[in-house]
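Values below: all heavy atoms of this structure, side chains included; hydrogens, waters and symmetry mates excluded. Numbers here are sequence positions counted from 1.
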Amino acid sequence: MGQQLLTVCVQIKGASMETVSENACFGGVQGVYRHRATSTGCDMTFGLFLPAEARLHPVPLLWYLSGLTCTHENAMTKAGIQAHAAAHGLAVVFPDTSPRGEDVADDAAFDLGQGAGFYVNATRAPWASHFRMWDYIAQDLPRILTANFPVEEDRQAITGHSMGGHGALTLAMRLPERFASVSAFAPIAYPSASDWGRKQFTAYLGEDQVQWAAHDASLLMQETGFRGEVLIDQGNKDQFLDLLRPEALAHAMAARRQPGAFRMQPGYDHSYFFVASFMAEHVGFHAKALAGA
């Protein structure tokens with residue numbers, strides 16, 4: 001069935017895209033693909049779920065951005081999103097979290113370097129040559145998806161977990177015409193004031209905190225908010241609460257009177273068990289927004 005939906009290897013502006021795998025999944029296809037990315041200057045891998053409707057016509061697209069140490073694969077196999085997406089006829093893309101390769105800069109710490117791209121365009125050495133994850137998510141991968149798969153360019157939504165929740169919120173607020181809705185699971189909510197943020201922003205962007213503000217969900221919420229509804233779920237037993245700083249985002253949403261909901265879920269931690277527990281509600285939230293887009 002996968003061959004009905006896409007060509008095994010297509011040409012994208014002179015660079016080939018490789019089909020790593022395709023598996024039947026809830027009536028559709030869960031694929032994994034590799035391509036050369038102009039933004040990051042290296043090979044990038046992403047997962048893409050296409051529901052059965054994609055055989056007949058282009059379908060709306062939900063982005064899922066993953067957290068620290070993850071690849072494209074973690075949420076694809078653990079978040080339980082495909083069944084809910086299939087029920088609503090949505091495609092879901094699972095990008096990687098950073099550039100990778102032997103010639104790509106890295107760090108011994110788990111929260112910097114490969115697996116920790118933070119969805120920014122690095123401007124400092126040694127990161128600047130490859131760590132351009134903002135451009136990859138905002139420009140490079142969208143062009144590849146809409147050019148080669150049956151997904152709609154004008155009906156898209158975005159969600160993410162932890163570092164990916166940070167990325168989803170900042171992308172949605174800075175690209176308001178692209179995304180009909182945004183949600184997040186336990187996002188890094190106030191990176192400018194957290195060790196999960198200050199360390200990475202300093203390494204990637206330098207010490208000028210004015211540059212940081214464009215990648216801080218709480219500061220962006222204060223400044224611009226989001227034109228549609230926002231859904232945030234946070235577990236009150238999350239072992240990383242002091243690093244996530246969810247109270248800053250909740251206060252910013254309330255002060256701005258941002259439409260949507262910030263929900264503190266009792267008993268839940270930071271794991272994919274938490275993400276999977278509320279995934280049906282998040283997919284339904286996005287499906288409703290996309291239906292009206």
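- Annotation: Asp195, atom CG; neighbour count of heavy atoms from other residues, nucleotides and ligands within 6.0 Å does not exceed 12.
- A donor-acceptor contact shorter than 3.5 Å links the side chain of Gln114 to the backbone of Val104.
- Using bins of under 30°, 30° to 60° and over 60° for the plane-to-plane angle, the ring pair His282/His286 lands in the tilted bin.
- Taking the six-membered ring wherever Trp is involved, the centroid distance between the rings of Trp196 and Phe240 falls below 6.0 Å.
- Note: Tyr33 and Phe46 have tilted aromatic rings, judged against thresholds of 30 and 60 degrees for the angle between ring planes.
- No donor-acceptor distance shorter than 3.5 angstrom exists from the side chain of Thr170 to the backbone of His215, with no hydrogens or angles considered.
- Looking only at atom types and distance, the side chain of Ser192 has a donor-acceptor partner in the side chain of Asp216 under 3.5 Å away.
- Tested against Leu61 for a side-chain contact (heavy atoms from CB on, under 4.5 Å), the candidates Leu90, Val92, Val93, Leu290 yield a single pass: Val93.
- Other residues, nucleotides and ligands place more than 12 heavy atoms under 6.0 Å from the NE2 atom of His88.
- Under the 3.5 Å distance criterion, the side-chain polar atoms of Arg245 are matched with a main-chain donor or acceptor of Ala193.
- Within 6.0 Å of atom CD in Glu153, 12 or fewer heavy atoms from other residues, nucleotides or ligands are found, so the atom counts as exposed in its surroundings.
- Annotation for Asp103: atom CG counts as buried by contact number, over 12 foreign heavy atoms lying within 6.0 Å.
- Residues Phe179 and Phe94 are members of separate hydrophobic clusters, defined by side-chain heavy-atom contacts under 4.5 angstrom among Ile, Leu, Val, Met, Phe, Trp and Tyr.
- Checked for salt-bridge contact, Arg55 and Glu53 miss the test: no charged N lies under 4.0 Å from a carboxylate O.
- Separation of the Trp134 and Tyr119 ring centroids does not fall under the 6.0 Å cut-off.
- Relative ring orientation between Phe201 and His166 is described as tilted, the plane-to-plane angle lying within the 30° to 60° band.
- No donor-acceptor distance shorter than 3.5 angstrom exists from the side chain of Asp96 to the backbone of Met44, with no hydrogens or angles considered.
- Side chains of Gln211 and Tyr204: no donor on one and acceptor on the other come within 3.5 Å.
- Using bins of under 30°, 30° to 60° and over 60° for the plane-to-plane angle, the ring pair Tyr268/Phe278 lands in the perpendicular bin.
- Asp233 and Arg263 are joined by a salt bridge, as a carboxylate oxygen and a charged side-chain nitrogen come within less than 4.0 angstrom of each other.
- Using a cut-off of 4.0 Å between Lys/Arg side-chain N and Asp/Glu carboxylate O, Arg36 and Asp43 are scored as salt-bridged.
- Atom CD of Glu223 sits in a sparse spot, with 12 or fewer heavy atoms from other residues, nucleotides or ligands closer than 6.0 Å.
- With hydrogens and angles disregarded, no donor-acceptor distance shorter than 3.5 Å links the side chain of Arg132 to the backbone of Asn121.
- Note: Phe185 and His161 have perpendicular aromatic rings, judged against thresholds of 30 and 60 degrees for the angle between ring planes.
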